[in-house]
Structures are given as structure tokens and as C-alpha cells.
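In what follows, a structure is listed as C-alpha cells, so that the remarks can point back to it.
Heavy atoms only: backbone and side chains are in, while hydrogens, waters and symmetry mates are out. It should be emphasised that the depicted structure is a prediction, and the values quoted were computed from it without experimental measurement. Order of the sequence lines fixes the chain letters, A, B, ..., with proteins taken first and strands second; residue numbering starts at 1 for each chain.
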Amino acid sequence: MSGLAETVVHTLAPGLLYPTGGAILFALGLYGLIRRHHLVLRILALNIMGSGVFMVLLGVAARGEGPPDPVAQALTLTGIVVAVSATAFALALVVHLTRLTGHAVMLPGPPDDDAPVEDISREEHHADGGPADPPPDEDRPA
Amino acid sequence: MSPPGAEWLPAGIAGLVGLSLAVAVLATAWPRQAHRVGLLGALAITAWVLGLSALFLNTGPDPEAAATRVALGGWEAPLGLMLHLDGLSMTLLVLTAVVGLATSLYSLGYVHDRIERRQFWPLWLWLWAGLNMLFLSGDAFNLYITLEVVSLSAVALVAFTGTAAAVSGAVRYLLINILGSLSFLMGVVLLFGEHGVLDLVLLEARTEAGPTERMAAVLMTAGLMLKAALFPLHVWLAPAHGSAPAPVSAVLSGLVVTGSFYLILRLWMGVFAPLATPAFGILVGMLGVAALVWGSLQALRAGRLKSIVAYSTVAQFGYLLVAFPLMLVDPGAWRVVVFFAVVHALAKASVFLAAGTLQHAAGHDRLADLGEVLRARPRTVFALGLAGVSLMGLPFTGGFIAKYLLLEAGLGTVLAGSFIGVLWVLAIAGGGLLAAAYVLRMVAPSFQRGRADAGEAVSPWMDWVPLGLATVAALAGLAGPLTLNTLALTPGAP
Amino acid sequence: MNALLVLFDLVLLAGIVGVAWRCLASTDLFRAVVLFITFGLLLALAWVRLEAPDIALAEAAIGAGITGALLLVTLERLRSIMAERRSGRPHTPPPDPAGPHALLRALHDPPPERRTFIPALTFALVVGGLLATALWHQPQSVGLEPVVDAHMDVSGVDHPVTAVLLNFRAYDTFLELAIVLIALLGAWSLGRHDLIPARPAPGPILPGTLRLLVPVAIVTGVYVLWAGSHAPGGAFQAGAILGAAGILLVLARPHQLPMAPGVPLRLGITAGVALFLLVGVYGLAAGHGFLGYAEAWAYPLIILIEVAATLSIALTLVALFVAGRPAGDDA
Amino acid sequence: MIANTLTVILILAGLVFFAAGTAGMLRFPDVYSRLHALTKADNVGLGLVVLGLMFQASGPSDILKLLLIWLLVLAAGTTAAHMVAQRTWTHGEFESDR
Amino acid sequence: MSLFYLFAALFLLGTILLGLVRVLRGPGSGDRMLAAQLFGTTGVTILLLLSLALEESALVDVALVFALLAVVAAVAFVRQHGLPEPPDTPTHRQQPESAKPKEPNDDR
């Protein structure tokens, strides 16, 4: 009987349990990214995928008896800081997109290539980086 | 006795990384003079890269001696990070320097608003530094970090115009980039979990065709195909490149997408070499044919000049996919594929710059009403045509040499008995015809009779730089042998 | 003891996956953000269980302090932009015709339609399944821990993670600082929309609490930075803590933010990267290789770089929270 | 030995308060009463646990750090409770799903 | 002894998962925010218990950071514009900004 308990405890060691959890998070984030269309939810889905990758990395580093692998921890720390800065930039872009188009939803479907393009080298481009006066886009219904 | 310059090569490599970072940091810290710092920096980086290539070439014909590995901070491979320079990365560094210098000169004229200059130049110089570091990096996790540097600065530049189309294209591009990076990182984590090493050369020695390597190969290749907009995952490219400022879309189509392709090539020649089976080659080849057909049809249908050029990027990248099966059969063919990517980058960048000049002059880039401006600006149209000719692959241009060698390799596979080879040959020849169709479509209005109105005044930079880059793209054919034997200096290549 | 640890792991992982699933499945964005904040908390507990206190510290400082506040203020900005559009202000595109409750529409995402359910589910299951099987087949490989241990005496610090971050793989850390800077440059290039909507909660409670919390946060940040050389901590955790303190100050400010000075702010955000590069180029010139230190000078140089990095990260995170180019920058 | 038993007793008492706090949060009718349950849980619950852990602490610095953590959680709890209550009082009916 | 700490930590983790019901069901945004606040405090306690269960004294620093930053989310939550403030709320005493140049509560 103790043999079975031993194998169960061995297989459920953090070195295998957390990487599996990380793989589940990665797949969950991928599913959420495909299904949901609101941009803030998609950014959350990408963050959850990133946490899944880091859980796999730290789970792999915790294998074996000795202290966990410091290189893996340094990589995870670097990854977390990169994820935060990418998320902050993505949220700033989404807010700016809502300011221009009135909605924060990235509907699938082919992009309309012939949308009017503003050229920043022209004179009437505003100095504060914003467009001269945003062309009146019709609101896409939800 | 190693050749005279050899001992300066490691310092030169690390110095290139240091210089490109120093220029970017200085431009960020001193925004008022960012454009001057950018210009001087561009000249300095280009000079440094050319000097480095001179040093690299005369370290002799033997690839083992030429390939240099520099340990950063003095820490050797398994612990520290190694910079890795060989023929492949040297060629792409020279390409980045040439296109980067041309884009920097063009941007001097294109971005002339006082405020926007301060935002544009630091981002552009970080993108250039990121590309230089990407081509020099020899460590798996370091590749992920440099890919992030390139992706974030590229997205920021795509969103630079601030219009609804540009920002929505940038958001779509950013989400796909983050997804690609995470998938690439998961592949790196799998390899690290299995082998406990991150350096590419050490990984190459330890990998065999196990389940971990297969999963890592799938994840890393899918991530990079997302970033390189290779056929099945290309949906973000047209809106992003079409709505970005002209110099940015030139760099995106020319260098950033080529950088992702370089990584796929580097991984499949090194770490994942045991996994490259003929069946995989044929699958990739079929994707290439589909990309060629779809991209060209979209280019023929698109209404705006920049959209045509963006779709032609998707199409021309179909060539690189078609060449994969050729590489599996004829080992020497990989150098031809890289040479084609180099020529395509030069030609595509000059076409985008010329399109930017036309859009600036006309105020819009709807092809239907561009007639007057096309007729009134012979220089820009000649640049457009010359680069288009190189894209098409007419004789005496770089494109011709690349396509000729590709056809040679394709026929080689047919003679070697693989019937699928006929499809590759047809695809390569047909691709040239389709390219001719949409290039002529861009240039045709200038041949018709009608009013010639030069539109807005254009700064001299914007007038002459596209022409200069187009001539370099056309003359790349003459540099064919030089490029091919530089590429030969890559150890471990088949 | 071991069985209880396994039970703790199972409950924790079930909680994490459950919170993540509900977060992505929720139609109301505010509920998704609150669930995401809880997800960050449970994740920090997971890093504690994997014996990575540095990462738990970073997850705590960044997850609880910065990502939560950033998401909540983003929702707030989306809501106030929709309010502006509804009130027909001249400079905004025409109001959304979907009716008075358009305000909440910005924070409500209708449940996705049925047809993409099957393909998305199968694709995610296939990717997850292949990934899990690949991970289960991996042999027990010993990581780089023995190699790092062998070089610890030369690295100038006692804590292995800090040694790897700032000495052995200093190039990665440098690029990471650059990425934070590029994200800020990107956010600034979008324009000068730096207003944080709405006024702070009236009444004396908020300023009183801030007078207690912000000094303690600064002292804690400096302590975590100093502890980084011999215990879990370091530049990024300290920068995130000081950044969160800055975000607290920004949130307590009235509608308009004070005119951030252009040049000092630019120098502040590039201080970390610039100093790191200077030390790197000096190392290259002095023959220790790019970003290399002489053994005797390793400790002082690492502390110097960490101080500059903390300052830069704190300033950059607060500027990313405000997410608009300060007027001073265009002067 | 005495320290261990004291710690166990105090931590068990703390757990009781946490359980009460969670139960209160789940069963109370509106936001304001739930806030009472919440703040009780962390003031007294955490206070008892911290007191219990002080007996295990090795030096005075650990004891002071535990005390500081408790004070910070007190400050955070009161501020958050005030903020949430005020927000619900002014904008509550606009933001509820009902 | 560490067995007891681990049991206590597991119990508190159970209360967090139970508390999630309030986040899912909570009718108002205030309910969800107070639940997140309770999870923050419970998280600090779990970290303190784990620091003894796993003999890792660094976890006390993690608990300190959590305790410190628990208030940031609540302040961000309150700083919300939302719909126009209903006129009859007792706290609605501010004069419009333009009339009074200085905000009373921020320059002390």
C-alpha cells in the first residue's frame, strides 16, 4: 500500500505537477484569446498564457533534490517584467484605439485595406502626435 | 599565425552591440537632438558594420576560423551569454546597415514635425539596435528578448501616425507578436527543461529527435511564422504595413520580417536539424505556393499603393517557403534562399520608400487617382520601376540571379527524381510573372497621357533616397558571388 | 508532511486554473479584472511553493501593486471616453447610437457566439495535451545550479539569482530595462492624453493613509533593493514597489497632474539603461568583455547599477500608468 | 513547549475569525454589512495569527516586522473599507448587475 | 509544528476559494472589490504561515509587500468616474472646480 502512496506522492511532486498546471494555463489562455473579442480580455488571456509559461519554467527548475535552478528564476523575473511592460503598452494602445473608433473590440474578419490613411509628413498633421481631426468613422454595432 | 585582423573581431562584435545601444540610449535621453544623433549614429553603425565585414572576410576561407563566438562579461557558454557571428549573420547585418542607412536618410525628410521627430527617432534607433542584436545573438532566451525589443519598437512605430487604421493595425500586430513570443518562449523553456542549456551551439550538440524537441520545434516555428507573417498566419501584415509611415513599413517589410525568417532558418539548420524530414519540406513548400498565389491575387486586387506592396511581401515570402524543400534535397541551396531574401529586402524597402514619396506628394495613395503625380515625378517612378524589376527578377538584377539559382536548384531536384520538384519550378517561374503583373499595375498610369501635377513639394532626401536604394537592389546581382561565399563561411551548415 | 504539501499544491493549482477560467469567461470586464487580481495573488503563492521567493516578491509588487491599478484605471478611461462620446463633445466621433447604457457597453463583452466553440476548444486541448505529454517525458535534468554555485565566489554578490541577473547574464537584464523603456516611448508616441479621469475620493481618509503608507513603501523599497545582494530582492522588485508608491500618489492627485518637468524626467527614465551601458562599455575597454566587471569591482558596480535601475523602473512604471506624454516633454 | 501550545491556540483563534469573516462576506445582505465582516476578519484574525507567530520569532527584528505587517494591513483594511463604502453609497445602484 | 502551519495555510486557502463565490455572484462592483481586499489579507496570512512551514524567512518580506500594496487596487477602484453623481448623495458637497482654485484635501 505504501508503495502506491509513494508513487502517487512522487508523480505529484512539484517538478511534474506545476509544469502540468502551466500547460493547462497556456492552453486556457490560448482558448480565451481565440474566443473573446474584447481587447482587454485578450490582453488578460495573453498574461495568463505568460504565467503558464513561467509556471512551466519554474516547475522544471524545481526538479531534483537540490535548491532550484537560479538561472530559471532569473529568466522568469526577466519574463515577468517584459510581460508587465508589454501589457501596459497594449492597454495604452487600446485606450487610444477606443478614443479614435469608439469601441475596443477587435472583430475577426478581413481588415478593410482601403481605410483612409493619414500621412504624418503632411503639414496639417497636429504637433501633439494626434491626427488633425479624426475622420468621422461610423460606429460599428456591438 | 591567424590573419592580422582576427584578434580585433571579438572586440568588433561586442563594440557593434555597444555602439548601436549607445546611439539608441543617447537619442532617448536627448530628444531635442534625436534626429541629429540618429543621422550620425546611422553613419557610424554602417561604417562599423562594413569594417566588421572586412575583418570577417579576411579571416580566411575556412568557416571554422571565421565563425567567432564572444563570451559576454567573460563568462563561457553554459553560464554566460555568447554572441555568435558567422557568414549568415554577417550578410544580414550588412543588409540591415544598408537599408537602415537609407531609411534614416529618408526619415530626415519624411518626419519633419518638431514634436514627432522626438518620438520617431528613439523608437527607430531601438528597432535598429534590436535587429543588430538579433542577428548576433547565440543564446535561446536572448533571442526571445531581442525579438521582444524588435517587436515592441516595431508596433510603436506602426501606431505612429495615430489614425484609426494605424492604431487598430498596431493593436492587432502587437497581440499577434506577444502570442508569437510566448509560443517561442515555451519552446525555449521545453529545450531548457530537457537539456539544461540555453546556448544554441551546445543545444545543437545535445538535441536528438525526441518528443520534447518535436514539441519545441512546433512551438518555436509557429511563433516565428506568426512574426514573419508566413502564409497561414499572415492576416496582420497588410493593415500594419499599409498604414504605417513609409520608412517604418520599408523596414518592417524589409528587415523585421526577414529577421524572423533568419531565425527559422538558423533553428532548422542547427538545433532542429535532425527533425527536418522530406514530408515536412513538402508541406512547407505547399504553404509557399499558396502564399505566392494568394498574395499576388490580393496585390492585384488592392486599391492602395501601400496595400499592393504589403501583399507583395506576403507573396515574395512564399518564395522563401517554396525554397525549403529545395534545401532538404540540395544542401547548398540554403545560401541561394538567403541571397533571395537579401535582394527582396532591398527591393521591397525601396518600393515602400518610393510609395511614401508618392503618397506625400499626392496626399493619398489611392492608385486610381495617382496618375498625375506619377507622370510628374519621373525619379520616383523610375525608382519604383527599378525595384519592381528586381522583384520580378528580370535579367541583370539581383532578383534575376536569385531566381535563376532557385530555378537551378529546383531543376536539380526534378532531375534527382522528385516529381514534386516540378511544382516548385512552376511556382518559382509563375511567381515572377505574378510579380510582374502587380509591379506593372503600380507603374502603368505614368505611361498614359494626361495632366502632370507634381503635388506637394518633397524634400530632396525623399526624392533621391528611393532611387539610390533601388539601384543598390538592382546592383545586388553583381555582388552575388561575394554574398554567396560570405554565406559559405557558416560552420555547421549542410 | 509530504502528503499535506501535495494536497496544498492540488488545491492551489485548482484555485489558479479555476480563477483563470472564470476570469476569461466573464462577460463583465470589472469582474474579469478583479478575478485577474486574485489570479496574481494565487500565482504568488505558487511561486512560493516552487521555492522562488524572488519571483513571489516580484509577482506581489507588480501583480498587486501595478497591474491591478493599471487595469482598473484602463476600464475607467474606456468608460469616460464612452461618456464623452455620449455627451457629444465636439472633438470626439459621433455618439454611439446603441442607447443610454452605452457607458456600460464599453465594459461589457457579449458571450462569444457558438460556432467558434468547437474549433477553439479542440485546438487548445491539442496544444495543452501535447505540451503536458512532452513535459511528462522529460528526464530529471539537473539545471545550471551547480555551475552557478561554482562561480558564486567570483560574482561579487551572495544571492545566486542576483548574481545571474546582474553578472552572468547581465546582457539579458540590460535588454529587459530597454524593453520597459521602449514600452514607455511607445505609449508616449501616441499623444499627450495624460488626464486620469475623475477626482479622488473626497474626505481626509485618503491623504491621511497616504502620509502613512508612502514613506513606509519608500523605506521598504530601499530595504528590498539593499537586501537583493544577499537575500531575495533586487532592482526590479524595489522598482516595482517604488512605482506602486508613485501610482498611489498619482491616484490621490486632483484631476490634472502637475506639469512633469521634461528634461529631468527623460534623464530619470534613461538613467538605468545609460549607466548600465557605461559600465558595460568600460568593461569592454578594460578587457573584461562587454558588460563584464573586474572581480574586485563587481559588488560596488552591481549596487550602483541596481540603484539606477530601481530609479528608472519606478519612474517608467508610473509614467506607463499615466500613459500620456507629459506636456513638459514637448516644451 | 509553552510557546508552541500558545502559538497553536492563537493561530486557531485567528482561523476562527477568518472563517467568520468569509462566512459573513458570503451571507450578509448588503455591501456595508459585508464590509464589517471583512474588516473584522483581517484586523483580529491577522492580529491573533501575528501574535501567535511572534512566539516563534527568533529575534526582536522579526517581531517588529510582524507588527509592522499587521499595522499596514490595518491601515489598508480601513482605507479600502471606507473607499468601497463611499463608492457604493454614491454610485452603487448604477453598477450592480441587478 | 510545521504540519500545523501547513494545515492552517491550507484552511485559509480554502476560505479564499470559498470567497470567490462572492466575486462571481456579487451583484455590485463594491462587493467584488471587498472580496479582493479580503483575499489580499488572507494571502498575507498564508505567506506568514508558509514562511514558518517551509523555513523560508524571505516570505515575510513578500507578506510585507503584499500588505503594503493591498490598498493600491482599492484606491484605483474608487477613482472611477462612472455615471454622473446622483444629486442627493450626502457627499456631493464639492463646489464645481472652476469656482474654487485649490482642492482642499491635497495641498496640506
Test log, rule side chain to side chain donor-acceptor pair (under 3.5 Å), inputs C/Trp47 and A/Thr76: CA-CA 10 Å; C/Trp47 303 149; A/Thr76 316; over 6 Å; no

Which atoms of A/Leu25 approach chain C - backbone, side chain, both or neither, heavy atom under 4.5 Å: side chain

Segment of A/Tyr31 engaging chain C (4.5 angstrom heavy-atom cut-off): both

Flag side-chain contact, heavy atom, 4.5 Å: C/Phe236 against A/Val84: no

Sub-4.5 Å side-chain heavy-atom contact between A/Pro68 and C/Glu145: no

Toward chain C, the part of A/Val95 with a non-hydrogen atom under 4.5 Å: both

Pairwise side-chain contact, C/Leu165 with A/Thr78, heavy-atom cut-off 4.5 Å (strictly under): yes

Residue part contacting chain C, namely of A/Leu75, when any heavy atom lies under 4.5 Å: side chain

Top of A/Thr87, A/Val71, A/Val82 for chain C proximity - count of heavy-atom pairs under 4.5 angstrom: A/Val71

Residue, of C/Ile55, C/Thr173, C/Leu70, that accumulates the most heavy atom pairs under 4.5 Å with chain A: C/Ile55

From CD1 (C/Ile81) to NE2 (A/His96), nearest 0.5 Å: 9.5 Å

Residue, of C/Val126, C/Val164, C/Asp149, C/Leu181, that accumulates the most heavy atom pairs under 4.5 Å with chain A: C/Val164

Note, C/Leu135 side chain near A/Thr20 side chain (heavy atom, < 4.5 Å): no

Polar side-chain atom of A/Arg36 near backbone of C/Ser26 as donor-acceptor pair, under 3.5 Å: yes

Heavy-atom check, side chain of C/Phe39 versus side chain of A/Ser51, under 4.5 Å: yes

Chain A contacts, top residue of C/Leu13, C/Leu131, C/Leu320, C/Ile313 (heavy-atom pairs, under 4.5 Å): C/Leu13

Contacting moiety of A/Ala62, where chain C heavy atoms sit under 4.5 Å: side chain

When C/Val148, C/Asp172, C/Ile179, C/Asp54 are compared by non-hydrogen pairs under 4.5 Å with chain A, the top option: C/Ile179

Most contacts with chain C, counted as non-hydrogen pairs under 4.5 angstrom, among A/Leu16, A/Val94, A/Leu17: A/Leu17

A/His37 vs C/Thr116 side-chain heavy atoms within contact, under 4.5 Å: no

Heavy-atom side-chain proximity of C/Leu121 to A/Arg35 below 4.5 angstrom: no

Nearest-0.5 Å distance, OG1 of residue C/Thr67 to CG of residue A/Asn47: 7.0 Å

Sidechain-backbone polar pair: A/Gln73 side chain, C/Pro53 backbone, donor-acceptor under 3.5 Å: no

Which portion of A/Ile24 sits near chain C, non-hydrogen atoms under 4.5 angstrom: side chain

Residue selection (most heavy-atom pairs with chain A, distance under 4.5 Å) from C/Ala120, C/Ala14, C/Gly128: C/Ala120

Engaged part of A/Ala61 at the chain C interface, taking heavy atoms whose separation is under 4.5 Å: neither

pair C/Leu43-A/Met55: side-chain heavy atoms closer than 4.5 Å: yes

Heavy-atom contact with chain C under 4.5 Å, split by part of A/Ile34: side chain

